[in-house]
Undergrad: 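My questions will all concern the structure given below.
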Amino acid sequence: MNERTPPVNANRRSQEWFGGTGRNGFIHRSWMRNQGFAPDVFDGRPVIGIATTWSELTPCNAHLRAVADAVKRGVWEAGGLPLEFPVMSLGEPLMRPTTSLFRNMLAMEAEELIRANPLDGVVMLTGCDKTTPGLAMGAASVDLPSLMITGGPMLNGKFRGKDIGSGTDVWKFTEEHRAGRMSEEDLVEAETCMARSAGHCMTMGTASTMAAITEALGLQLSGSSAIPAVDSRRMAMAQLAGRRIVDMVEEGLAMSKVITKESFENAIVVNAALGGSTNAIIHLLAMAGRMGVELTLDEFDAIGRKVPLLVNLMPSGQYLMEDFYYAGGVPAVMRELGDLLHKSALSVSGKTVWEEVENAPCYNRDVIRTYAEPLQPAGSSTAVLRGNIAPNGAVLKISAASPHLLVHRGPALVFDRNEDYIAVSDDLDLDVTADTVLVVRNSGPKGYPGFPEVGNMPIPKKLLDAGITDMVRISDGRMSGTGFGTCILHVAPESAAGGPLGVIRTGDTIVLDAHARQVYVDISDEELAKRMETFVPQVAPSTRGWEALYIEHVLGADLGADLDFLQGRSGSVPARHSH
Ligand code: FES
């Protein structure tokens, strides 16, 4: 089976466990032998952990056990010992109150498990939105040689002869249903036509964005992120990844040697060209925090402004991930971005990211546009707004917004909780017009708690019935990466942390000027200060377990919403050991 000589090394990290003599060596090896390994597998060859977020409760990741098997083939083939282990899985469709409450918990668990076990390198298997940043954050803190494989997107949805996209068309169909333009039967039929195969959402939502971004970062093999989950080439790529992680251990290619400040800047450029999810901002800030790389919210705007939108995928465009892969995927996009990238940044392959993509072909110019003829010009990516209601920033995805609303002035209609708005959103007597600015607060990390995807609040039925499909919405929450609309998100500081969003009143005039990167409430500084003096933030009343810990320690959206005590690298040396 193995034609290579295993790269044996007595100084390897795993040999601190498996290379021992006497009682400790006995304990470390003996129990492992019950899995039927050949006698010589603990001889100092690289031990590769395969951290899997497989779960049947996370449908987007339910095929990852097969991917793990393909990785194992590659690890064995290269002379390593693969050991698969589970980490917490986070499935968007089912988990309550929101998976983002648990991203840091996954990161913390992954960090502790990687450090606590006799591993020399790690392959991370992820897919659904938060599983990718969660595992990457954990691995970044430990800093072993680490390589990611995302599980790949589902095949395109197909409904009555048309392609339909996960998330994006759910929002459209359910709004059509609310407006009485789509029957219950049609809605149920669409439901059966959307998720046709294993894999994550096949729009350019958060999962596809994070997959592409980890490729741009150099954390996964070039060309891998867009391969559909059920395409045999994904398994082949997983096998290659298994081979490669063994070599990375041999080369001592720790995660921090691959991913640097330049890598993060490349990821921001690629995210802008993709029309990627606003959630990528939160996750990249959190990952950078773990790696000790200084990255600020403003850099997303400064870098993103120079990048045209090249990828014609929902929600900003028309196509889906299958089309994107067939068109050339991330390598074709990166080649087109050329000098906007730091070409010398590394990939887990050991080559530079530019060496990986400089000859990448594009097979469909309607899906992946050229730099000269983009889908939208530079400046259409996510803008970072500031003003008296968002002193630490807020974001607006311009490519998913309505152009006529980018400069807007209108009266606020304010709700303290998303649930309060939902309860009246179908009320035909709601005092709302197309000019109204819908404000929902207490949706941030501390306020909800967990920072849910409620920022693209549904349009009031009264407006939907009048044919209005977008309006300016402001919240301290997030929006699904598959969502769209003129939604100002991640307002920081959040209202539960004492942010001024908490003192806006219904009837106040809100001003948005996306071109000037401004959003503010049109009241005097004195009036704002007076309101702030008596403002009592609403902090979620949690006293128990993870939720209480999270509320106490979570950082603001502008800092990536990690826990304050998890910033920075912790290293791979356990503090102590009992045997
Ligand atoms: Fe899992 Fe969209 S619900 S990726």
Side-chain angles (χ1 to χ4, degrees), residues 52-65 67 87-103 106 124-136 148-157 163-174 190-215 220 224-231 234 271 274-280 282-283 313-316 319-322 324-325 397 400 450-456 478-484:
T52 179
T53 51
W54 167 86
S55 167
E56 289 177 342
L57 289 168
T58 305
C60 316
N61 296 19
H63 62 300
L64 290 183
R65 302 209 63 197
V67 179
V87 292
M88 184 181 192
S89 192
L90 305 174
E92 294 296 315
L94 303 184
M95 282 189 89
R96 292 179 180 173
T98 169
T99 50
S100 58
L101 177 62
F102 305 111
R103 181 201 63 178
L106 163 59
M124 299 169 267
L125 303 188
T126 69
C128 201
D129 296 12
K130 311 301 180 298
T131 56
T132 299
L135 251 180
M148 177 166 278
I149 305 173
T150 48
M154 289 185 256
L155 298 175
N156 291 1
D163 280 5
I164 56 171
S166 22
T168 305
D169 278 306
V170 178
W171 316 131
K172 284 186 183 155
F173 289 155
T174 48
E191 170 191 320
T192 63
C193 296
M194 188 165 279
R196 298 171 49 232
S197 78
H200 59 68
C201 289
M202 80 317 254
T203 39
M204 189 50 78
T206 304
S208 301
T209 300
M210 291 311 299
I213 275 181
T214 52
E215 186 176 326
Q220 63 174 317
S224 63
S225 65
I227 305 172
V230 294
D231 192 310
R234 174 154 295 284
N271 186 44
L274 295 170
S277 165
T278 45
N279 292 322
I282 304 287
H283 299 320
L313 252 63
M314 294 183 198
S316 299
Y319 293 99
L320 294 167
M321 285 299 287
E322 228 188 306
F324 181 56
Y325 176 55
K397 185 173 174 180
F451 207 7
E453 294 180 339
V454 296
N456 55 331
R478 296 180 302 114
M479 172 172 84
S480 164
T482 61
F484 53 88

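Treat the numbers as computed from the prediction; the structure is a model and nothing was measured. Ligands are counted one by one from 1 in listed order, and the atoms in each one are counted from 1 as well.
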Undergrad: Could you please compute the angle at atom 1 (Fe) of ligand 1 from SG of C128 to SG of C60, rounded to 10°?
TA: 110°
Undergrad: Can an N, O or S atom be found in H200 less than 2.8 Å away from atom 1 (Fe) of ligand 1?
TA: no
Undergrad: Could you go step by step and tell me if T209 and S277 meet the side-chain hydrogen bond (donor to acceptor under 3.5 Å, both in side chains) rule?
TA: CA-CA 6 Å; T209 300; S277 165; 5.0 Å; no
Undergrad: Is there side-chain contact between M314 and Y319, with heavy atoms separated by less than 4.5 Å?
TA: no
Undergrad: May I ask you to check whether S89 and S55 show a side-chain donor-acceptor distance below 3.5 Å?
TA: no
Undergrad: Give a yes or no on whether the backbone of S100 and the side-chain of R478 come within a donor-acceptor separation of less than 3.5 Å.
TA: no
Undergrad: Have T99 and K130 got a donor and an acceptor in their side chains that come within less than 3.5 Å?
TA: yes
Undergrad: Have a look at D129, L90, T482 and point out the one with the heavy atom closest to atom 4 (S) of ligand 1.
TA: D129
Undergrad: Quick check on P93 - does any of its heavy atoms sit under 4.0 Å from an atom of ligand 1?
TA: yes
Undergrad: What part of C201, side chain, backbone, both or neither, has a heavy atom within less than 4.0 angstrom of ligand 1?
TA: both
Undergrad: I need the atoms of ligand 1 closer than 4.0 Å to a non-hydrogen atom of A207, numbered in the order shown.
TA: 4 (S)
